[in-house]
Amino acid sequence: MKGFLDYVDGNSVLHRLNPMTKLIISFGLCASCFLTQNHAVVAAIALFDLCLGALAGISRRSALIFISLLKLSAALFLLQVFFVRQGNILLVLPFGLRVTDAGVSFSALFALRLAAVTMPLSLMLSITRMSDIANVLVRYLGIPYKYAFVLTTAMRFIPLFTEEMAGIMEAQTARGVRFDTGNFFRKVRLLLPLCVPLLISSVRRIEVSAISAELRGFNLRGRSSGYKRYSFGANDAAALFICVMIIVASAMI
Amino acid sequence: MLKFEDVYFAYAGGDTITGVSFEIGRGEFVALMGENGAGKSTLCRLCNGLLKPSSGRVAVCGCDTARTRTSALAKYVGFLFQNPDRQLCKNTVREEVELGLEYAVADKAERVRRRDAMLELFGLDGDREPFGLSRGERQKVALASVLAPEPDILVLDEPTTGLDYRECAAIMGVISRLNSAGTTILMVSHDMEVVSDFASRALVLNGGRLIGDGAVRETMRARRVMNEASLLPAQIPSLAMRIADLGAEYAGAFTVDEMVSAAANARGSARP
Amino acid sequence: MIKIEGLVFRYDGSPRDALNDISLDIEEGDFVGIIGPSGAGKSTLTYALNGVVPHHYSGNFRGRVEICGMDTAKAGPEAISKYVGSVFQDIEGQILSSVVEDEILFGLENFGIPRGEIEPRVEYALKTAGISELRHRNISSLSGGQKQKVALASIIALRPKIMALDEPTGELDPQSSRRVFETLKELNERHGLTIVVVEQKIMMLCEFAHRLVVMDEGRIAAEGPAREVLRRGGMLEEIGVNIPRIATLARKLRGLGLYDGITPLNLAEAEKMMRNGRQC
């Protein structure tokens with residue numbers, strides 16, 4: 001999943017939308033998933049997400065994200081399905097576990113939702129620059145720049161931390177620590193002490209970031225400092241209209 | 001000791017290795033040279049099984065790395081990374097040095113003996129906190145903990161980057177003493193002066209292929225290989241090539257002292 | 001341009017002075033290389049130039065640092081950074097955006113550069129750093145050398161008079177390091193910037209810097225044109241500063257009475273030394 005939060009440069013209709021529109025649409029699609037109780041609607045929204053991915057020219061990447069989300073959803077489905085007691089019993093298992101029709105329905109909806117809710121957010125991050133998101137949050141929503149900056153910086157640091165952690169694990173394996181074991185719990189137990197080097201290198205790095213930001217006038221920045229202007233055009237209006245329609249439809253079905 | 005047989009490696013987002021074969025014998029000191037992205041780090045990671053070859057075979061002390069876990073190979077192959085901070089995770093230098101031994105040596109008394117021997121060899125204070133030390137000291141602690149299990153081969157990925165001259169000399173001093181005592185060394189380095197001072201054989205990588213394998217003295221002089229790999233030889237051999245027309249003794253000079261004696265002899269013979 | 005008088009600085013909680021009575025004058029258009037063992041106070045000296053000391057890191061600050069006539073202890077870090085641009089060793093840490101263009105816009109937006117001036121400045125910065133074609137790239141997809149050039153460009157766009165760099169090539173290989181220094185040389189010669197750079201690679205400094213400052217234990221141990229500083233080879237080795245092999249060669253030849261000329265700073269000069277030295 002390396003780089004799945006990275007921006008993918010492009011010039012599609014979706015890329016050219018106002019960043020605020022993109023934010024609203026992705027949250028609108030998330031809301032729709034929770035408004036509806038209908039499996040088919042959630043599945044349709046997930047399908048719509050994939051179509052949007054294709055429209056943005058990142059169909060391969062969105063398919064990959066979708067598949068890994070489905071794997072996670074399947075795991076959650078299995079975790080839940082045995083523990084719902086209501087409904088007609090479909091299957092009785094040892095240790096007092098049972099599978100009911102209500103359980104299957106509830107768990108399936110939950111799992112589908114997870115995939116359908118995460119997709120629009122990850123799509124939005126793929127086709128919108130972090131700086132654009134920060135700028136519109138500051139300009140339209142009046143969020144102080146400092147918070148927007150913290151958000152974008154956190155997003156930027158995630159892959160750096162993952163990389164650092166992989167490097168640390170590699171170094172520890174090379175000196176004989178048994179990270180190459182298949183046992184998940186043993187691995188977690190070995191991982192805990194490594195938080196120390198990760199923390200120390202992160203604090204050092206954040207210190208440099210803070211100085212670098214300060215020396216480039218971070219504290220002078222005001223609400224109107226953004227250089228880029230974001231226009232709101234017919235495409236945005238159309239996109240928002242479609243989004244509203246989806247929300248209304250999902251609330252009614 | 002270490003044998004690559006027609007090794008290929010390809011991985012999305014990483015450097016590739018294409019058809020590399022070589023063999024390193026016991027007690028050799030080999031430098032691995034090449035531009036960034038030439039595949040040096042990938043090749044190092046193939047040595048201890050952190051990466052497994054897509055085809056071909058890598059054997060360390062007779063073990064096929066594809067069939068052995070990296071953590072099990074750690075007792076044959078010591079691996080020092082460029083950034084010591086990724087290796088250090090304990091509260092004291094003493095625990096840090098002992099960590100590698102936990103997996104390699106079963107006997108507690110033996111562990112203590114080896115640990116204390118390492119602390120003494122490096123002149124380290126066992127009670128200090130690793131993260132409170134300077135970069136050079138941290139590199140020493142990392143090296144000590146890698147060496148404590150007494151590996152047969154030591155793989156060093158740019159061990160002197162980020163160190164000042166004195167720290168660099170201290171680390172290289174220890175490495176060179178180990179080599180004299182029989183440890184095999186494979187070292188990645190960008191510093192041609194370090195390579196020319198310590199290594200006897202050089203492997204040159206370019207775009208994942210092995211384009212040079214020979215004595216350091218000859219390799220630094222092999223213009224075609226050095227150019228192809230975008231490497232600049234160390235200063236004295238560079239100078240020797242520029243003034244090769246002055247005579248064989250100048251052309252063959254590799255160290256400062258050899259260059260001085262070439263000049264002294266030329267002057268002596270010029271006198272009647 | 002830069003005037004440091006009797007500067008003493010001790011970080012809060014540290015048992016010893018990081019800088020101990022530093023006095024240094026740097027003229028406009030100079031290219032100064034700072035070298036010395038780790039812990040000698042090199043980074044702290046660059047912090048004193050860009051105002052990080054005493055504004056970001058507090059401590060006991062005595063003496064005076066004057067940049068373009070401005071007392072850094074009184075001016076805020078933002079006021080100082082209009083004159084002094086800073087680049088650090090930790091490439092990933094100092095970069096704040098995910099796309100090259102945004103990284104360059106960051107400072108321009110903050111300092112409220114007029115809208116009409118922003119685009120020409122972005123283009124100028126990218127061009128000077130030699131990375132015009134990377135403008136829309138994701139920074140995470142670039143090599144270390146390219147990233148460091150992005151950091152340089154983000155500072156160039158702010159048009160500082162002075163550039164203070166703390167081991168900008170510490171994480172780079174020789175070829176990329178060289179390219180960074182060539183960019184600095186161009187800024188210095190063509191655009192008149194004053195460059196102050198901390199660097200461990202002495203050969204790079206010998207070739208590019210006009211003047212060397214050797215630091216040891218918070219003091220200036222030697223200072224002057226590279227050629228003069230290198231003549232004191234023994235003292236440098238004692239401090240723990242590597243000296244180029246051709247300088248050692250010159251010293252040994254001199255000792256034997258085989259050479260009596262200048263200390264060579266590059267291979268061309270070393271070649272001349274060997275050819276002419278034969279006759280002397």
Side-chain angles (χ1 to χ4, degrees), chain B residues 13 33-38 40 82-83 134-137 158 160-170 188-194 196-197 229-243 245-247 250 253-264 266-268 270, chain C residues 35-40 42 89 140-141 143-146 167 169-178 200-203 206 216 236-259 264 266-275 277-280:
Chain B
M33 314 194 292
E35 227 183 339
N36 271 3
K40 302 186 300 294
Q82 188 185 339
N83 182 355
S134 71
R135 168 83 191 244
E137 293 282 307
E158 299 186 35
T160 61
T161 303
L163 303 188
D164 70 29
Y165 176 60
R166 213 183 332 214
E167 293 168 336
C168 167
V188 171
S189 184
H190 284 308
D191 190 332
M192 290 297 158
E193 308 295 347
V194 168
S196 62
D197 284 354
S230 322
L231 297 171
L232 278 176
Q235 273 193 326
I236 298 296
S238 293
L239 178 61
M241 281 195 276
R242 279 167 165 256
I243 57 172
D245 59 298
L246 294 182
Y250 285 107
F254 191 69
T255 64
V256 170
D257 289 336
E258 287 173 18
M259 192 59 94
V260 170
S261 77
R267 170 146 172 187
Chain C
I35 194 162
S38 66
K42 306 184 298 290
Q89 179 179 11
S140 61
S141 69
S143 72
Q146 289 172 322
E167 300 202 31
T169 69
E171 297 178 359
L172 304 180
D173 64 312
Q175 291 88 348
S176 320
S177 306
R178 205 177 171 78
Q200 285 294 353
K201 301 182 182 106
I202 179 104
M203 284 192 263
C206 286
D216 186 35
L236 296 180
E237 274 174 352
E238 223 163 85
I239 293 175
V241 170
N242 193 7
I243 61 173
R245 299 288 154 98
I246 48 175
T248 311
L249 178 62
R251 198 176 75 212
K252 290 199 171 172
L253 290 176
R254 266 193 215 110
L256 291 173
L258 293 170
Y259 181 64
N266 53 43
L267 284 172
E269 290 178 4
E271 181 177 346
K272 218 177 270 171
M273 164 174 85
M274 296 309 291
R275 290 185 189 281
R278 278 204 323 157
Q279 279 99 43
C280 88

To the nearest 0.5 Å, what is the distance between [atom1] ([X]) and [atom2] ([Y])?
X: B:H190; Y: C:L172; atom1: NE2; atom2: CG; answer: 9.0 Å
X: C:D173; Y: B:S189; atom1: CG; atom2: OG; answer: 11.5 Å
X: C:L249; Y: B:E258; atom1: CG; atom2: CD; answer: 12.0 Å
X: C:I35; Y: B:Y165; atom1: CD1; atom2: OH; answer: 11.5 Å
X: C:L267; Y: B:L239; atom1: CG; atom2: CG; answer: 6.5 Å
X: C:S38; Y: B:E137; atom1: OG; atom2: CD; answer: 9.0 Å

For [X], which atoms come within 4.5 Å of any heavy atom of chain B: side chain, backbone, both, or neither?
X: C:E269; value: neither
X: C:E271; value: both
X: C:A40; value: neither

Contact part of B:N83 toward chain C, heavy-atom cut-off under 4.5 Å: side chain, backbone, both or neither?
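Neither; nothing under 4.5 Å.
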
Which atoms of B:D191 are under 4.5 Å from chain C, going by heavy atoms: the side chain, the backbone, both sets, or neither?
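Neither part, no heavy atoms under 4.5 Å.
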
Ion pair check, B:D164 and C:K42, cut-off under 4.0 Å
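The answer is no: the pair does not qualify as a salt bridge.
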
Tell me, out of C:N266, C:L256, C:I239, who's got the most heavy-atom pairs with chain B below 4.5 Å.
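Of C:N266, C:L256, C:I239, C:I239 has the most heavy-atom pairs under 4.5 Å with chain B.
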
Among C:K252, C:Q200, C:Q89, C:Q175, who wins on heavy-atom pairs under 4.5 Å with chain B?
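Result: the option with the highest number of such pairs is C:Q175.
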
Test C:M203 against B:E193 for side chain to side chain contact (heavy atoms under 4.5 Å, CB included), laying out the working first.
CA-CA 11 Å; C:M203 284 192 263; B:E193 308 295 347; 3.6 Å; yes

Using a cut-off of under 4.5 Å on heavy-atom pairs, state which of B:E167, B:R166, B:Q235 scores highest against chain C.
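Option with the top pair count is B:Q235.
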
Could you tell me which non-hydrogen atom of [X] sits nearest to which non-hydrogen atom of [Y], and how far apart they are?
X: B:T161; Y: C:G170; value: CG2-O, 3.7 Å
X: B:L246; Y: C:M274; value: CD1-O, 4.3 Å
X: C:A268; Y: B:R242; value: CA-NH1, 3.6 Å

Sequence-distant partners of B:E35, side chain to side chain donor-acceptor pair (under 3.5 Å), two or more places apart
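With neighbours one apart ignored, the set is B:S230.
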
Going by the rule side chain to side chain donor-acceptor pair (under 3.5 Å), which residues pair with B:T160 if we only count those two or more places apart in sequence or in a different chain?
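Once residues adjacent in sequence are excluded, B:T160 has no partner under the side chain to side chain donor-acceptor pair (under 3.5 Å) criterion.
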
Could you check C:R245 against B:D197 for side chain to side chain contact (heavy atoms under 4.5 Å, CB included), going step by step and ending with a plain yes or no?
CA-CA 12 Å; C:R245 299 288 154 98; B:D197 284 354; 2.9 Å; yes

